[in-house]
There are 2 protein chains.
Amino acid sequence: MAYEHSLIMAPTLKDIAEKAGVSPSTVSRVLSGRPGISEATRVKVLEVARELNYAPDMSAQGLATTQLKNIGLVGYKYRTRWAGSMAPADILGADAAAQKHGYHIITTYVDSEQMKSITSLPMVDERRVDGLVAIGPGISTRLILHLHSRGVPIVLMDNFIAEAPIDRVLCENHEGAYAATRHLLAVRSHKRTAFISGPISWTSSRERYEGYAQAVTEAGLEPLRIEMPNTIYETGYQAMRELLREHPDVTAVMAVNDATAIGAIKAAREAGYRVPEDIAFVGFDDVDWASLHDPPLTTVRVPRFEMGYQAVERLIERLERGDVPPITIRLACELVIRRSCGANR
Amino acid sequence: MAYEHSLIMAPTLKDIAEKAGVSPSTVSRVLSGRPGISEATRVKVLEVARELNYAPDMSAQGLATTQLKNIGLVGYKYRTRWAGSMAPADILGADAAAQKHGYHIITTYVDSEQMKSITSLPMVDERRVDGLVAIGPGISTRLILHLHSRGVPIVLMDNFIAEAPIDRVLCENHEGAYAATRHLLAVRSHKRTAFISGPISWTSSRERYEGYAQAVTEAGLEPLRIEMPNTIYETGYQAMRELLREHPDVTAVMAVNDATAIGAIKAAREAGYRVPEDIAFVGFDDVDWASLHDPPLTTVRVPRFEMGYQAVERLIERLERGDVPPITIRLACELVIRRSCGANR
DNA sequence: AAAATTTATGCACACGCTTGCATATATTAT
DNA sequence: ATAATATATGCAAGCGTGTGCATAAATTTT
């Protein structure tokens, strides 16, 4: 059974039309729910369509309507590792929302080096998508601004651009970090604490730091921030080594995310500290192995699935309702208390 | 600056044609490299095209050629958790290969319940993709067979269907498991070992088990398999509890993947065994937190990025070269020795 | 230099769908 | 019953590209 060069012939509007004894335009109107069709032909057409297992050809529909029902998910990837700013949960959530509305998700990862120079994306230039969801703080502002000024509908996720009114979905970084830090300070008394941060230009780093700083300040302590160029495991390890060199008296550390937290814990242990007895740690994200770590990591759960879902929902609303004013959606985080913070359990 | 209902007007063949003083068909021929064009007009057209920043409208091109340069990645998702059979590395690899050839990736997750009943996918029916990469053992055979018989180009990843000649990309499960088990048996002597398996109908479970069984048998021991309905952390935990109830004398366990291995380790410890002193463990996959576990997990690294890359490469070859005979591509695995197996370091 | 050949380009239609406009039919008002 | 209106449907053009066929221009052959 040889492959054809393309997919096997699928039924078209014309096929339905002939079989139902009407014109293709009538079929089109029925299928897209236009008014002014008699009940009799409506049911007939729908019947035939179902029987023939009809589905519209999106290229044709896209050509005619300029609405492809494709939305682009763009993240970035690091050179050195096989990971990027899009987590499976993001895509799962985005796909769930997309499926609900009959949309599809086109994913792409932009190399973080190339990110600096590009000003558009192939999927946009080639009109493969109706709009974009840009995921992560590393998506370049320049790129976003260029796309936005061209009129490309776009919603930002885990990113905050002050320069233009663009839809955003974020989690309550400030509140989450504040709650986590308060908890840290409540478990037992600390004199010196620190926050391990990514680039302060990254929304999540900035907002989480501010939440931490507020809690610490309210407790009469001085906030301490150590800023790193990214937020991966190795960086957390490195950050903690530097921190301990300068401030060996630190007894509580909040990390900007779980990966850096775990790197930091490794460094602390290597330096002879017990965790959480000597130094308490909290992370952020609640990645799926945070509970499997030893000690299980106290962290702030970020609802990635929900964020992906909301981002796509919002984008579709913009696409279908037209010119709605941009909003920023904040999703609540949840403090997950485990053992790295030194709490009883 | 109000949004338009769709993207801002992009240049078309006609625009280039007018500006270059030729007909649209000539432009089309130049841009798709057809022969029989004078050098003068060729450079003129290319110049104008670049100047106007032209990119073809894929809907139009797709309509005319039935080649969309979109490939679908289909995985499945569990009801209970926000994870599925597509890992980020898979998508990264697939996207890398796609980008190389000017293709794009459409991802979708099928609910594992719905998987049982469906016989096609919207993205196929709507002609959004030229072909598919199906990822994971949970993709239903019925679905694949239906699509295949309709002539949809498809390559399987981490799945093996004997019923039809379909391209496959897999890793060397047998060899990897064999090597890991041999290593386990070499570190110190074991009398009773076990393999924690997913459904034996799943390629990876079957092949890995066979690798394990061969090594064990060669060492004069009897293989022991405990089969579970899936391969997640909780299941590994459960499996180990059952195993210890029946065989408290087990001293070496190979798990079908890292997640179950870590669940199993948890259960072993709760039952009072020391790891690796009393029971040695090896996993499979080398997920990114395997090295962060305590003890660091000895495992077999699966090249997911490369598998995604190869799957897409293969699919594109089929799409562009036509009727090539199906092959199965096996990628080598690498034994990563850490501490859970009881090796010195 | 005229005829035969090759080369370069344009015309027009097709791909499958949507939609404004015209028209035929059914409904209501006079 | 006829006119006026509302309802249901078909026709044809258009969306942006690709491509077979015809033709005009350039080249070679006689």
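Protein chains get the first letters and strands the later ones, always in sequence-line order, with residue 1 at the start of each.
Residue-level contact check: A:T41 touches the backbone only, with heavy atoms under 4.0 Å from sugar-phosphate atoms and none from bases. If you check every strand for non-hydrogen atoms under 4.0 Å, B:P24 touches nothing.
Rounded to an integer number of Å, the gap from NZ of B:K14 to C1' of C:dC11 is 15 Å. For A:E18 and C:dG16, the CD to C1' distance is 14 Å, given to the nearest whole Å. Following rounding to the nearest Å, B:E39 (CD) and C:dA8 (C1') show an atom-to-atom distance of 13 Å. Between the P atom of C:dT18 and the CD1 atom of A:I37 lies a distance of 13 Å, rounded to the nearest Å. Put simply, CD on B:E126 is 21 Å from P on C:dC15, counting in whole angstrom units. In this structure, the CD atom of B:Q67 is 17 Å from the P atom of C:dC15, given to the nearest Å. The separation between A:L68 atom CG and D:dC15 atom C1' is 12 Å, rounded to whole Å. Atom CG in B:D15 sits roughly 9 Å away from atom P in D:dT17 (whole-Å rounding).
Counting only heavy atoms from C-beta on, B:S38 has its side chain closest to C:dA8 among C:dA8, D:dT19, D:dT9. Side-chain proximity of A:A64 to the nucleotides D:dG18, D:dG14, D:dT9 is greatest for D:dG14. Closest to the side chain of A:L63, from the set D:dC11, D:dG16, C:dC17, is D:dG16. Of the candidates D:dA8, D:dT17, D:dT19, D:dT17 carries the atom nearest the B:D57 side chain, counting heavy atoms from C-beta on. Here the side chain of A:L13 is nearest to one of C:dC17, C:dT9, D:dG16, namely C:dC17. The listed nucleotides are D:dG10, D:dT17, C:dT18; the one nearest the side chain of B:Y54 is D:dT17. Here the nucleotide nearest the side chain of A:Q61, chosen from C:dT18, C:dT9, D:dG18, is C:dT18. Among the nucleotides D:dG10, D:dT19, C:dC17, the one closest to the side chain of B:R34 is D:dT19.
Taking the side chain as every heavy atom from C-beta outward, B:D167 and B:P326 approach each other to under 4.5 Å.
Not a single donor-acceptor pair, N or O on each side, falls under 3.5 Å between the base of D:dC11 and the side chain of A:S23.
One finds no side-chain N or O of B:T12 lying less than 4.0 angstrom from the OP1 or OP2 phosphate oxygen of D:dG16. Taking 4.0 angstrom as the limit, B:S28 places a side-chain polar atom (N or O) nearer than this to OP1 or OP2 of D:dG18. For D:dG10, one of the phosphate oxygens OP1 or OP2 lies less than 4.0 angstrom from a side-chain nitrogen or oxygen of A:T26.
Residue A:R142 holds its CZ atom at 12.0 Å from CD1 of A:I144, rounded to the nearest 0.5 Å. Taking OH from A:Y109 and CG from A:L73, the interatomic distance works out to 8.5 Å, rounded to the nearest 0.5 Å.
Across every non-hydrogen atom of A:P11 and A:L52, the tightest pair is CG-O, 3.4 Å.
Residues A:R29 and A:S59 both approach DNA chain C. Their nearest nucleotides, taken by heavy-atom distance, put A:S59 toward the 5′ side.
Under 3.5 Å, the side chains of A:R168 and A:T203 contain no donor-acceptor pair of N or O atoms.
With A:M123 as reference, A:L132 is the one residue of A:N70, A:V74, A:L132, A:I71 to meet the side-chain contact (heavy atoms from CB on, under 4.5 Å) rule.
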